[in-house]
There are 2 protein chains.
Amino acid sequence: MTTLKPVYLQKVKQQNMADILQKIWEHESISRVELVELTGLTSGTITNLTQELLQTGLIRESETSSGSVGRKRVMLKLRTDRYTIIGLDIGRTSFEVVLADLAGRMIKSVEGNTVGIRDPEQVLDLVAPHLESLKTDAADKKSPVIGLGVSIPGPMDKKTGKLLSPPNFPGWEGYPIQSALERRFGLNVFIEDDARTSALAERWYGLGRKAQDLLFVTMGMGIGGGVVAKGELVVGSNGLYGQVGHITLLPGGEICACGNEGCWETVGSIPGILRRWSEGNTIDGFFQAVREGDPAAVQCMQETLYYLECALTTLFNTYDPEVIVLGGKLYPYLTMHLSEIRSRVKARMYAFVRDRLHIESATFGASQNAVGAVALVFGALLNEPLQTLAGPKT
Amino acid sequence: MTTLKPVYLQKVKQQNMADILQKIWEHESISRVELVELTGLTSGTITNLTQELLQTGLIRESETSSGSVGRKRVMLKLRTDRYTIIGLDIGRTSFEVVLADLAGRMIKSVEGNTVGIRDPEQVLDLVAPHLESLKTDAADKKSPVIGLGVSIPGPMDKKTGKLLSPPNFPGWEGYPIQSALERRFGLNVFIEDDARTSALAERWYGLGRKAQDLLFVTMGMGIGGGVVAKGELVVGSNGLYGQVGHITLLPGGEICACGNEGCWETVGSIPGILRRWSEGNTIDGFFQAVREGDPAAVQCMQETLYYLECALTTLFNTYDPEVIVLGGKLYPYLTMHLSEIRSRVKARMYAFVRDRLHIESATFGASQNAVGAVALVFGALLNEPLQTLAGPKT
DNA sequence: TATAATAATTTTAATAAATAAAGCAAATGG
DNA sequence: CCATTTGCTTTATTTATTAAAATTATTATA
């Protein structure tokens, strides 16, 4: 007995299966005939592959049908309750762990505080019992956890699995987070920075569900960006693609922690705004003052919006997305200005694309990062279904 | 006899063949054993696929060998003389048609002037005899032309094959250039704007031959960008990806033709420099004045370099390339400042990536666009060898 | 100079997953 | 109730791969 392992055919099969799964997700509900048309595969192949997906429990048949004469189409849907995903958002001063179904809907969520804790191991010690409890919950419901998605405040070196130097996130630099988590929890671990997970939350569960090119801009203690092009996350040659907070907005301006001068982040982030207004105050205080009509605050607010307008125009011209999504801790304060931002940016774009760009608010509010962490795993599942279900390689 | 057309397997084969071809090109010269290691395919498969590539004439065996004991490795090389590519650079006031071998080396080149001609058909009438003559040359040498690559000064709508509205290029808007050229010359036609073809020239024949992520910045009458990520050209959702001339460098600055204000292009392009220095003059005049130490010109020159420095830093932070290549009609005047530009930009980057970024001069000077047009076809060949060789579909 | 050792490549049989086409199942309408 | 239509499944065929054995080319050594 020879044991052949023809990977090439399995790759084709996986690819076709992934294609089918993604089309099912994109259309919510779709019949086999439509899959034949959309994928270009033959009906026999569709039968085989959907059968296998049915067996894994990733999809189910839904009674629906259509047409006037002839046999009715059996609609196929993604089965969102058979497996679960755990999302972990590690922030600078807090964390959130969520158990979610495949549609990104939260089943359970736990938040915690990490103020003052600088040692990554200690943070994980805090997170561990909650995470284990979610794992148990999932096991009780017979909906196995297929992976752990993690959102962190700064980029990670893909080669070493170690964290790079995110500003305002001391203690974590060089920490081998991927292997640590895999060892601790025995799960398939996927990690990305918060801007990117946020972008993925939109790509799979939010505004970008059908959009192939989107940019997520997160404004908070820093300003970050996540770019999805042709449906795929873009990370760049050093993992620094989309550092949108570090575009030079004010030549000759303040020196930024990144080394550049006049970065948007130096004026547009929460610390940036406070530095421009009155050091030592809080962002709540600032927006309170704006509401009360304090002239200096109002002036500073107008500048902030103007910087945002300039930055978004620049980013449209560099990334050409279908959607720009705005989020982050600062954004809730700006939501009321969305339509103004929208019209001001569009006024500065090429006329013929003005109505093709959408500028929107993030879909998942304070849980954007956690949902994004879940989306990170979901994306892996939809790109490599069988492999992802198989779990961590030994 | 049934005539089955199993496309999926052919796709796998094409993909593997393309993979082999690209590795041969990347390594200049490579043996089958090394291909086995690099591709993960088995030796039998490599034998089959390389045999087919030998038959098409795309590669050849080169006597070389290595090792001390055992059968010697037969090195494989891309055969650059069996097929040719025609590149056409359509500029605002001139054109260049070149016949090149597969390595992008020019066999023959013709330039012409189109000043004052606004009708695209008339321009093509001027180009046609030269192009036909190159085709005849190629046929005489029994090295068939596999395709016509075209470089144009502005983006094209991929869906309609019509030109969008490139500034300073009147008469061409809405012209269905792709179909017109295919009809006229019966060749496989590939079209991209000049910044993108320039980027491709570097990707396949120049500095990016091994780099997977590069940015080409072309400075001339406008400022444009071409981005290659993971070896592939990125075009964006509207074909406007990489409009790097339209990043906002000076908030509150001059209104640009694109609708934005303070665009780098408004101050950094040839017209931008002249507007800032003294309207009505020429760029030669400007640099003459700089050399003569004219204070206003020197001041303007310093600003220009500073804007460039700011823009490149911004672009590094947005695209995270391995290489930034500088070119365009303006750039020759700036070449002497390259090392200064380099060090000033690097001083503004994250320290840990400072020695990973390379900033270089364009490789092909005045013929960058034409070589890029050739590279556009070469890239198609290396991505889909058999299909590209098969020529235009009926 | 033959022969053993070694390494590169080719050949051969087996295999997986697709295609093409025929067959089966389910629904409607005269 | 049967013909028609449409959707899905089954079956035989095809293809490019894998694994493993065979062949070829080269060097080292007796």
The residue, Arg73(A) or Gly44(A), whose nearest nucleotide of DNA chain D is more 5′ is Arg73(A)
Show the atom names and distances, to 0.1 Å, of all donor-acceptor pairs under 3.5 Å that link a side chain in residues 37-45 of chain A to residues at least two apart or in another chain.
residue: Thr39(A); atom: OG1; partner: Leu35(A); partner atom: O; Å: 2.7
residue: Thr39(A); atom: OG1; partner: Leu41(A); partner atom: N; Å: 3.1
residue: Thr42(A); atom: OG1; partner: Thr45(A); partner atom: OG1; Å: 3.1

Against the side chain of Lys13(B), the closest entry in dT17(D), dA18(C), dA8(C) is dT17(D)
Has Arg32(B) got a side-chain N or O lying under 4.0 Å from the OP1 or OP2 atom of dA7(C)?
no
Looking only at dT9(C), dT19(C), dT17(D), the nucleotide nearest the Thr42(A) side chain is dT19(C)
Sorted by position of nearest nucleotide on DNA chain C, 5' first, the leading residue of Arg71(A) and Asn48(A) is Asn48(A)
With the side chain defined as heavy atoms from C-beta on, Leu49(B) is closest, among dA18(C), dT17(D), dG7(D), to dT17(D)
Taken to the nearest 0.5 Å, the spacing of Leu53(B) CG from Leu386(B) CG works out to 7.5 Å
For the side chain of Thr47(A) and the base of dT10(D), is some donor closer than 3.5 Å to an acceptor across the two?
no
Below the 4.0 Å mark, does dT17(D) have OP1 or OP2 next to a side-chain nitrogen or oxygen of Asn16(B)?
yes
Check the interface with nucleotides 27-30 of chain D: list each N/O to N/O pair with the protein under 3.5 Å, or write none.
residue: dT27(D); atom: OP1; partner: Lys72(B); partner atom: NZ; Å: 2.9
residue: dT27(D); atom: O3'; partner: Ser68(B); partner atom: O; Å: 3.0

| request: Have a look at Ile46(B) and say if it touches a base, only the backbone sugar-phosphate, or nothing, with a 4.0 Å heavy-atom cut-off. | output: nothing
Heavy-atom closest pair (Leu148(A) atom, Val377(A) atom, distance to 0.1 Å) is C-CG2, 3.7 Å
- Task: Verify the contact: side-chain N or O of Thr45(A) to OP1 or OP2 of dT19(C), cut-off strictly under 4.0 Å; return yes or no.
- Result: yes
| said: Less than 4.5 Å apart, side chain to side chain, heavy atoms only: is that true for Tyr83(B) and Phe378(B)? | reply: no
